[in-house]
2 protein chains.
Amino acid sequence: MAVKKTSKRDSRAGGPTIATSVYDQLRDDIIKGAIEPGHRLGTDQLRGRYDVGISPVREALNRLLAEKLVCFEDQKGFHVAGIGEEDLYDLIRMRCWAEETALRESMANATPEWEESIVLAYHRLSRTPRSAQSEKFEFNPEWEVLHLVFHTAFLANCGSPRLLAHCELLADQSKRYRQLAASISFPARSEGDEHKTLMDKALSGDVEAAVEAHHAHLRKTMEIIIHSGLSLPAGKIAV
Amino acid sequence: MAVKKTSKRDSRAGGPTIATSVYDQLRDDIIKGAIEPGHRLGTDQLRGRYDVGISPVREALNRLLAEKLVCFEDQKGFHVAGIGEEDLYDLIRMRCWAEETALRESMANATPEWEESIVLAYHRLSRTPRSAQSEKFEFNPEWEVLHLVFHTAFLANCGSPRLLAHCELLADQSKRYRQLAASISFPARSEGDEHKTLMDKALSGDVEAAVEAHHAHLRKTMEIIIHSGLSLPAGKIAV
DNA sequence: CACTGAAATATTTTCGAATATAGGGTCTAC
DNA sequence: GTAGACCCTATATTCGAAAATATTTCAGTG
């Protein structure tokens, strides 16, 4: 029943329209840094890159506007949102606020199922290598997914769809900075210990300690990005 | 230098493109309740309503998707976002969190200019009638603007562009509920006293008292909406 | 030589037609 | 009488060309 008689074009699951497909790809390309911050997103250029017409491209761009991944000016077109130290600082600060709230609520509503979901997410993450290669750093998509799941697990019990959605949006924005930094300076910190600390504090029920560990983790992320040699600022910031 | 030689079509200031114009109008119509929650936003219907082509309509709809004012499903088109008691509760809770943070930061960074902006905003608001008519309630756009300015004044000093933008987004979403409720039950509470309290507490420097007054104000807004007789829920909620 | 103004070019934005899909109704087969 | 498949219509989506706008180039003037 879930799978209908899909026809010709539908090679993707979930988003049959071209606009949605372009949206997903473009979003990925921006977050991964495949298209540089501040880069002009001309219609013809994108039309060629994804081999589609103008309409779906425009549709995708307008959706990304919402997420602050692209910026726009009437009659002048779209750009990839710029990056900057100021913006990164603001972003991390916002994450601290939002995730602190979500974490406190989640812990207040703690249930065995919630705790188990964290343990499970940690276990899976810890068994997956940070880098696809053992000698030098290489992007490992599997780890990236598990990492996101792990962090979301803490917040997922907060009971507020809006707050959770907002946290995820901010996490995506951070991801862009992180990917950009990683593409420059390889040796990522070993985050294993930090993640274990986060889990232990959250499961211990000590709210203040858990919040403090969370803040420290976020701040460290910011510092690593800033010290990665990533050239900042570049282009207009969207907000 | 700021004002260029604008040409023919530019009767509006700020947003010369048709898409932006439609975006503004449609946004207004949804917030005012001129188009009901859950209502189908068919392409032809909108094309006729605003007397434009398909492209600008679609562009506007995709932008509104970001603000959760419309919802969308692939191949099934757009709807005005639904409303519901659950969603209203979540919305107000989120506003409490976000505005509490912004208020605390604003007060921590307090300056004479900031305090003066609040006094000024209060004065202007207090001199403007809530209703356009003195006998029965009628929407007064002037008051609405001043009301928004007043509430924003408290938060504007928080120093975080993201947080401020987020608070404004939530305020817009609340406004839709408030307008819908107002269109049913006329006699709005006299908010004057509450606003004075908010101002006094904020200017006194007593952070905890100011936060408490703020929360109370938001909660009261929610209760009034719920008891207005507004039929809930209706249509799918966007989040 | 700098500066104004206007043609030329590149790009964005918009339109209307063409295509693909969803939802409903009907007709047959069992 | 009901279930299933098929067609038909209404609608969403997409395309490529046309119109509007920004940007660059270049000639002419003070």
Side-chain angles (χ1 to χ4, degrees), chain A residues 1-26 35 38-65 70-81 235-236 238, chain B residues 1-26 35 38-65 70-81 235-236 238:
Chain A
M1 191 165 71
V3 177
K4 291 195 173 181
K5 191 167 42 180
T6 54
S7 48
K8 302 174 196 172
R9 198 179 56 195
D10 189 16
S11 58
R12 295 183 66 259
T17 70
I18 297 180
T20 300
S21 165
V22 172
Y23 167 77
D24 289 339
Q25 293 178 62
L26 186 53
I35 310 180
H39 193 276
R40 214 159 146 292
L41 294 167
T43 8
D44 284 348
Q45 182 193 348
L46 293 177
R47 204 178 58 79
R49 175 186 259 259
Y50 301 114
D51 191 35
V52 296
I54 300 172
S55 309
V57 166
R58 212 136 226 289
E59 204 130 325
L61 286 169
N62 276 292
R63 288 185 206 171
L64 287 169
L65 215 50
V70 309
C71 53
F72 165 79
E73 217 174 332
D74 265 341
Q75 309 284 18
K76 292 210 206 166
F78 296 85
H79 293 252
V80 177
K236 273 179 228 160
Chain B
M1 191 164 73
V3 177
K4 289 197 174 181
K5 193 167 38 180
T6 54
S7 47
K8 300 175 195 171
R9 197 178 60 194
D10 189 17
S11 57
R12 294 182 68 261
T17 70
I18 297 180
T20 300
S21 165
V22 171
Y23 167 78
D24 289 339
Q25 293 179 60
L26 186 53
I35 310 180
H39 193 277
R40 217 160 144 293
L41 294 167
T43 10
D44 284 348
Q45 183 192 348
L46 293 176
R47 203 178 58 79
R49 175 185 258 260
Y50 301 115
D51 191 37
V52 297
I54 301 172
S55 310
V57 166
R58 212 137 227 288
E59 204 130 325
L61 286 169
N62 276 293
R63 287 186 207 171
L64 288 169
L65 216 50
V70 308
C71 52
F72 165 79
E73 218 173 331
D74 265 342
Q75 307 285 19
K76 291 210 207 168
F78 295 85
H79 293 253
V80 179
K236 274 179 227 160

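Note that the structure is a prediction, hence the values are computed from the model and not measured. Sequence lines set the chain letters: A, B, ... in the order given, protein chains first and strands last, and positions in each chain run from 1.
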> Whole-Å distance between dA19(D) P and I18(B) CD1?
Replying inline: 14 Å

> Of all the nucleotides listed (dC15(D), dC15(C), dA17(C)), which has the minimum atom distance to the side chain of V52(A)?
Replying inline: dC15(D)

> Sequence neighbours excluded, which residues qualify as side chain to side chain donor-acceptor pair (under 3.5 Å) partners of Q25(B)?
Replying inline: S21(B)

> Residues two or more places apart in sequence or in another chain: which of them pass ring-ring contact (aromatic ring centres under 6.0 Å, His included) with Y50(A)?
Replying inline: none

> Can you check the Y23(A) OH to dT14(D) P distance for me, whole Å?
Replying inline: 15 Å

> When the distance from CG of L46(B) to P of dC15(C) is rounded to whole Å, what number comes out?
Replying inline: 14 Å

> Rounded to the Å, how far apart are R47(A) CZ and dA17(D) C1'?
Replying inline: 12 Å

>> In whole Å, I'd like the distance from the CD1 atom of I54(B) to the C1' atom of dT11(D).
In response: 10 Å

Polar atoms only, N or O, under 3.5 Å: list the protein pairs with nucleotides 9-12 of chain C and their distances.
residue : atom : partner : partner atom : Å
dT11(C) : O3'  : R40(A)  : NH2          : 2.7
dT12(C) : OP1  : R40(A)  : NH2          : 3.0
dT12(C) : OP2  : T43(A)  : N            : 3.2
dT12(C) : OP2  : T43(A)  : OG1          : 2.5

> With sequence neighbours excluded, what pairs up with Y23(B) under the ring-ring contact (aromatic ring centres under 6.0 Å, His included) test?
Replying inline: none

> Expressed in angstrom and rounded to an integer, what is the separation of E59(B) atom CD from dA12(D) atom C1'?
Replying inline: 17 Å

> With A19(A), which residues qualify under side-chain contact (heavy atoms from CB on, under 4.5 Å), at least two apart?
Replying inline: T17(A), P56(A), E59(A), R63(A)

> Do you know which of L26(B), V52(B), I54(B) makes side chain to side chain contact (heavy atoms under 4.5 Å, CB included) with L46(B)?
Replying inline: L26(B)

> Taking only residues two or more places apart in sequence or in another chain, which ones pass salt bridge (charged side-chain N to carboxylate O under 4.0 Å, His left out) with R49(B)?
Replying inline: D29(B)

